[in-house]
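The block underneath contains the structure these notes are about, expressed in structure tokens.
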Amino acid sequence: MDTIRMIARLHAAFWNETSKLASFEWLSPKDEVIPTEAKDAALQKWNEIIDGMQPANNMLTYRQIEHLMDKLEDILSLKKTFPKTLCHGDFHMENVLLSADNSPVIADWQEVRIACGPEDISFFLQRASASGNPLSADTAIEVYTKTVNELVENHLSVSSVREVIDAAKLHTMLIHWPHFLIGAPSDVILGISLELKSAAGRLGYLA
């Protein structure tokens, strides 16, 4: 979990410093407005994916996907009160390199932005799971929360961090993942579907 601690320390260094970060013209807040065209394109891909799958207990129905897509703005609003910080924006293991002394170094800062820190953790966990090397989300969340709290004395709760992670996960998985799932193995698709169902259920958007 050293990588989780590393990104947590980065987030803690700029925790709730929105005004200071906004003074850099090249650094902008994450745009939470989702264009209708992006939703429509994602729904079309989800329809293709679901049509090509055999019936399975863990597979979301198209109606459930539509329901979550309709509620996506409400879901993203859960992040509004969470403190903002400097986020990497594309945090995954392929962007973590080792220095000469074997210390981890985060590379590829093209997507850096002002956002909620747990969004980086959300994407990190998604990519790890999709690559076949899943990490314990519970452990990652606990390590992240503990590290940030030690550095900023913010008294973050594990539940608030998990809520942001789940909201970010639903956004990414609903809008972006379907474009990469066309032709993917059924077990990969079912895994993504199960993660969607679990996150939506924790947030109260699916029974």
Side-chain angles (χ1 to χ4, degrees), residues 7 10-11 14-50 60-92 95 106 108-127 129-130 137 141 144 148 156 159-182 192-193 195-206:
I7 198 72
L10 169 71
H11 292 163
F14 298 95
W15 200 260
N16 221 13
E17 296 282 358
T18 308
S19 298
K20 184 183 295 185
L21 291 171
S23 66
F24 298 99
E25 295 182 3
W26 52 269
L27 188 60
S28 60
K30 182 179 179 181
D31 187 3
E32 297 289 8
V33 178
I34 305 169
T36 301
E37 309 83 64
K39 287 185 176 181
D40 290 344
L43 282 171
Q44 182 179 349
K45 294 298 183 184
W46 274 116
N47 192 40
E48 293 178 39
I49 292 164
I50 293 168
L60 285 164
T61 65
Y62 184 73
R63 182 169 294 183
Q64 288 174 316
I65 293 287
E66 277 190 313
H67 168 72
L68 291 175
M69 201 73 79
D70 287 341
K71 297 294 184 181
L72 196 49
E73 276 73 18
D74 291 342
I75 292 168
L76 293 180
S77 72
L78 296 172
K79 301 187 297 181
K80 283 185 177 179
T81 59
F82 198 91
K84 302 298 186 293
T85 186
L86 183 73
C87 286
H88 183 271
D90 191 22
F91 184 53
H92 54 85
N95 281 336
I106 303 174
D108 190 5
W109 289 84
Q110 297 179 70
E111 302 295 331
V112 63
R113 65 192 66 180
I114 302 169
C116 300
E119 293 182 68
D120 273 343
I121 304 301
S122 180
F123 191 63
F124 187 86
L125 293 172
Q126 290 174 56
R127 284 292 300 265
S129 180
I141 292 169
Y144 179 83
V148 172
L156 277 182
S159 61
S160 68
V161 171
R162 185 184 294 278
E163 185 175 72
V164 173
I165 286 174
D166 282 340
K169 176 184 286 188
L170 287 173
H171 180 193
T172 306
M173 286 189 165
L174 285 170
I175 297 294
H176 301 293
W177 276 101
H179 299 280
F180 300 96
L181 291 177
I182 298 294
I192 295 292
S193 178
E195 288 196 50
L196 270 170
K197 289 179 74 173
S198 298
R202 283 191 295 268
L203 295 177
Y205 286 94
L206 281 181

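Since we're looking at a predicted model, the values are computed, not measured. Along the sequence shown, residues are numbered consecutively beginning with 1.
For the residue pair Asn95 and His92, a side-chain donor N or O sits within less than 3.5 Å of a side-chain acceptor on the partner.
With rounding to the nearest 0.5 Å, the separation of CG in Leu170 from OG in Ser198 is 10.0 Å. Taken from CG in Leu60 to CE in Met173, the straight-line distance is 10.5 Å, to the nearest 0.5 Å. Here the CG atom belonging to Leu203 is positioned 11.0 Å from the CD1 atom belonging to Ile165, to the nearest 0.5 angstrom. Note that the CD1 atom of Ile106 and the CG atom of Asp120 stand 8.0 Å from one another [nearest 0.5 Å]. Rounding to the nearest 0.5 angstrom, the gap separating the CZ atom in Phe123 from the CG atom in Asp90 is 5.0 Å. Interatomic distance, CG of Leu21 versus CG of Asn16, reported as 10.0 Å (0.5 Å rounding).
When atom types are taken as modelled, the side chain of Gln64 and the backbone of Thr61 share a donor-acceptor pair closer than 3.5 angstrom. Panel note: side chain Thr172, backbone Ala168; a donor-acceptor pair is recorded below 3.5 Å. Side-chain atoms of Ser122 do not come within 3.5 Å of backbone N or O of Glu119 as any donor-acceptor pair. No donor-acceptor distance shorter than 3.5 angstrom exists from the side chain of Trp46 to the backbone of Tyr62, with no hydrogens or angles considered.
A 4.5 Å side-chain heavy-atom check between Lys79 and Glu163 finds every atom pair outside the cut-off. Looking only at side-chain heavy atoms (C-beta outward), Ile65 and Asn47 stay at 4.5 Å or farther from each other. Contact check for Ile192 versus Leu181: side-chain heavy atoms found under the 4.5 Å cut-off. Between His171 and Ile34, some side-chain heavy-atom pair lies under the 4.5 Å cut-off. Within the 4.5 Å cutoff, no side-chain heavy atoms of Leu125 are placed close to those of Lys169. Under the 4.5 Å side-chain criterion, counting only non-hydrogen atoms from C-beta, Leu72 is in contact with Leu174.
Closest approach of Val164 to Pro118, counting heavy atoms only: CG1-CB, 3.7 Å.
A perpendicular orientation is assigned to the rings of Trp177 and Phe180, their planes being inclined by more than 60° (bins at 30° and 60°).
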Could you walk me through whether Val112 and His88 satisfy the side chain to side chain contact (heavy atoms under 4.5 Å, CB included) test, starting with their C-alpha distance in whole Å, then the side-chain angles of each, then the deciding distance to 0.1 Å, before giving a yes or no?
CA-CA 5 Å; Val112 63; His88 183 271; over 6 Å; no

Decide yes or no on side chain to side chain contact (heavy atoms under 4.5 Å, CB included) for Ile75 and Tyr205, but give the supporting numbers first.
CA-CA 8 Å; Ile75 292 168; Tyr205 286 94; 3.6 Å; yes

Audit row: Lys80, Leu78, side chain to side chain contact (heavy atoms under 4.5 Å, CB included) steps and yes/no
CA-CA 6 Å; Lys80 283 185 177 179; Leu78 296 172; over 6 Å; no

Should Val33 and Glu73 be marked as a side chain to side chain contact (heavy atoms under 4.5 Å, CB included) after you check the CA-CA gap, both sets of side-chain angles, and the distance that decides it?
CA-CA 8 Å; Val33 178; Glu73 276 73 18; over 6 Å; no

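Between Glu111 and Arg113 there is a salt bridge, with a side-chain nitrogen of the basic residue lying less than 4.0 Å from a carboxylate oxygen of the acidic one.
Other residues, nucleotides and ligands contribute at most 12 non-hydrogen atoms within 6.0 Å of the NZ atom of Lys71.
When the side chain to side chain contact (heavy atoms under 4.5 Å, CB included) test is applied to Thr85, the partners found at least two apart in sequence or on another chain are His11, Phe14, Trp15, Cys87.
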